[in-house]
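These notes concern the structure reproduced below.
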Amino acid sequence: MPSGYLQGEIMRQKSLLIISFFLASVSVNLFCDVTIANKTILRPQTRWLCGGVERFNRYNESTKNQLIRNLQIQASGMYSCSFGKAKAGKLLGFAGKNEISIGPGSDYDVNIESIIHKGANDGTNSPTMRGTLKILPQVKVQGFKLAARKWMQDFFCEISTTFEHVENSLGLEVSGETRDSNSLYGILDYFQGDIYALSGTSRLQDRLAYGKLTNETTDSNFADVSFTVGFDKFFGDKCRAGIYVEGMIPVSDAKTGIDLFEATVGSGDHVMIGAGTRCVVTVIDDYKYSCGVTGSFVERYFVEKNEMRTHGISIKDSTNTAFTRGNIAWGHYMLAGIPGEKGLIPLTNVLTQTTGVRPGMETIADFSYFIEGDRGTASVGYRFYARGSDSISVSSWDENKYKLIRDPQNYTAGENIAASGGGYATSPVLIDEEATRAPATSTHTFYFAGNFRAPTLPVDFGVGAAMEVATNNAALNNFELWSRLSVVF
């Protein structure tokens, strides 16, 4: 039996074994359903990891392609779409639910009488409104990346930038709705800032100005400028390994806090520095094909920067059964007042604060198996992504400044908010920083990629697809598609 046949059979069996391992790893995590609740932030994970396409653009010179030594220009395109909407909705929903009942009285998750004064919008009897609100978040991202890489013997440097169009949707659905007595307003109108209350020239209730449940927000812009400097070296004929440092300078904008699920490109105005290592090992190399494995590991640290974030609330009054100690689910949408002043204020208007945020450190480990021929490379890979929880700091909060209103319907225009009692004033509001702290999370990604080289030109083209599965609802499940065109000068 020809030796080439035996090598090919060994290659095929090893390929099937590694692919089976990848599929098993992802399948196990499809059943992960850890639910985190009572958050005012859903922060999507880092994009533009792009699996095998990026990996083989760096590594294929270690086996058959010896041309990639000079200046390399690369253009990549990417599209991603999240799935598992109901799971993500539980993070922003009420007490771990993505379906929230809203109406008058304690039988509903959210008592509409605690968020809308009866005099709202010229006396339309708003507290009679009711319905069930469903939250089904989804993120779609499309964009392109431009990169230039220069090789200098075993050293390389790279600079890149990305342009992104991001669409964040809350997927809001309302069922069983009863609108106000004039059929003008529904429950979503308050959460989108369209309901207010005036009595003549006297202010009863302000509009919701921050933390709005806007159904869809978009952002299009250049995101960040990244750079990488590294060293790769051969160890024998079949192994190449190296280390690198990387950084990212943001050109994107930070969150404004106006919308609860606000679309932002890039890192959200945070500087990043990181360091990592990577290697490629050729396992089999015969006269037609070779196969091997690649691996990489990187840690990324983000610098603190101010963002506008909506915090939650807790209160001191543990004797009142209506308001217990600890985080109050959707308490940031309730009404409050300032003792000695007139008018009711949606708490999100004051709980949305300039907040010092340092996103949690990111860890990314990537492992892939490739088969390479004269005209290109095919690969299957697995990527592990982990992100720590945010560090949050608020410069100041006067817990005695605002009072949560026990019964807003008893408040009349022109009346000063009482410091205590008065039939409607309750305890001071305490800020709950945990509500706006993005939790720790991790994801598992299984990807396929192909890289095709032109026979006579220093040009290659890559395509790939991936499925990413999150271990809890603080991150999004994603489908990804990407492509890449590379030219060597």
Side-chain angles (χ1 to χ4, degrees), residues 18-52 78 80-98 135-141 168-171 261 267-268 272 274 276 295-302 327 357-368 380-392 434-448 464-482:
I18 294 174
I19 291 172
S20 298
F21 168 76
F22 289 151
L23 289 172
S25 299
V26 175
S27 297
V28 167
N29 286 283
L30 282 172
F31 297 97
C32 293
D33 191 23
V34 178
T35 299
I36 300 171
N38 298 339
K39 293 290 183 177
T40 61
I41 183 169
L42 172 56
R43 183 160 71 88
Q45 53 271 35
T46 297
R47 298 181 283 267
W48 291 102
L49 298 179
C50 290
M78 186 268 287
S80 69
C81 180
S82 66
F83 64 95
K85 302 177 186 179
K87 182 178 176 181
K90 294 177 182 179
L91 186 78
L92 301 175
F94 183 91
K97 301 187 297 183
N98 75 308
I135 302 178
L136 300 167
Q138 185 177 52
V139 175
K140 295 180 180 179
V141 182
N168 280 14
S169 171
L170 281 173
F261 193 37
S267 64
M272 181 274 290
S296 67
F297 179 85
V298 61
E299 291 273 359
R300 291 172 172 170
Y301 173 86
F302 292 86
N327 175 273
V357 178
R358 181 174 61 80
M361 288 188 65
E362 292 183 344
T363 300
I364 305 166
D366 193 288
F367 176 80
S368 67
V380 57
Y382 167 78
R383 181 177 69 233
F384 173 76
Y385 169 88
R387 182 183 70 206
S389 61
D390 290 348
S391 295
I392 299 291
E434 283 301 314
T436 195
R437 188 191 311 276
T441 188
S442 61
T443 69
H444 301 268
T445 302
F446 179 58
Y447 62 82
F448 298 91
M467 181 177 70
E468 182 178 25
V469 181
T471 57
N472 61 29
N473 61 332
L476 296 170
N477 302 323
N478 285 296
F479 287 117
E480 300 175 2
L481 297 172
W482 63 86

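Quick note: residue numbers are just sequence positions, from 1. Note: hydrogens, waters and symmetry copies are ignored here, and every other heavy atom, side chains too, is used.
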- Residues in ring-ring contact (aromatic ring centres under 6.0 Å, His included) contact with Phe297, at least two apart in sequence or another chain: none
- Task: Answer yes or no: is there a side-chain heavy-atom contact under 4.5 Å between Arg43 and Asp390?
- Result: yes
- Message: The criterion is side-chain contact (heavy atoms from CB on, under 4.5 Å); which residues satisfy it with Ala474, sequence neighbours excluded?
- Response: Ile36, Pro439, Thr441, Asn472
- Of all residues at least two apart in sequence or in a different chain, which pass the side-chain contact (heavy atoms from CB on, under 4.5 Å) check with Ala465? Leu481
- Query: Could you state the interatomic distance from CG (Leu136) to CG (Leu170), rounded to the nearest 0.5 Å?
  - Reply: 9.5 Å
- Query: Can we say Glu480 and Arg383 salt-bridge, meaning some charged N sits less than 4.0 Å from an Asp/Glu carboxylate O?
  - Reply: yes
- All side-chain hydrogen bond (donor to acceptor under 3.5 Å, both in side chains) counterparts of Lys97, not counting sequence neighbours: Asp109
- Message: Contact between His444 and Tyr382 at the side-chain level, heavy atoms closer than 4.5 Å - yes or no?
- Response: yes
- Message: Going by the rule side-chain hydrogen bond (donor to acceptor under 3.5 Å, both in side chains), which residues pair with Ser442 if we only count those two or more places apart in sequence or in a different chain?
- Response: Thr471
- Task: Search all heavy atoms of Trp482 against all heavy atoms of Tyr447 and return the closest pair with its distance.
- Result: CH2-CB, 3.9 Å
- Of all heavy-atom pairs between Pro359 and Val357, which one has the smallest distance, and what is that distance? CD-O, 3.8 Å
- Note on the structure: Contacts of Thr443 meeting side-chain hydrogen bond (donor to acceptor under 3.5 Å, both in side chains) (sequence neighbours excluded), chain-then-number -> Glu468
- Task: Write down the atom of Ala470, the atom of Ala475, and the distance for their closest heavy-atom approach.
- Result: CB-O, 3.7 Å
- When every non-hydrogen atom of Gly96 is compared with those of Ala37, the smallest separation belongs to N-CB, 3.3 Å
- Task: Go through the steps to decide whether Lys39 and Arg437 satisfy the test side chain to side chain contact (heavy atoms under 4.5 Å, CB included), and finish with yes or no.
- Result: CA-CA 8 Å; Lys39 293 290 183 177; Arg437 188 191 311 276; 4.3 Å; yes
- Minimum-distance pair of heavy atoms, taken over all atoms of Phe261 and Leu42: CE1-O, 3.5 Å
- Query: Residues two or more places apart in sequence or in another chain: which of them pass side-chain contact (heavy atoms from CB on, under 4.5 Å) with Ser82?
  - Reply: Gln138, Val139, Leu476, Asn478
- Message: Which residues pass the side-chain hydrogen bond (donor to acceptor under 3.5 Å, both in side chains) test with Ser391, not counting sequence neighbours?
- Response: Arg358
- Message: So, using ring-ring contact (aromatic ring centres under 6.0 Å, His included) as the criterion, who are the partners of Phe479 when residues are at least two apart?
- Response: Phe83
- Determine whether Phe302 and Met361 make a side-chain contact, defined as any pair of heavy atoms from C-beta on separated by less than 4.5 Å. no
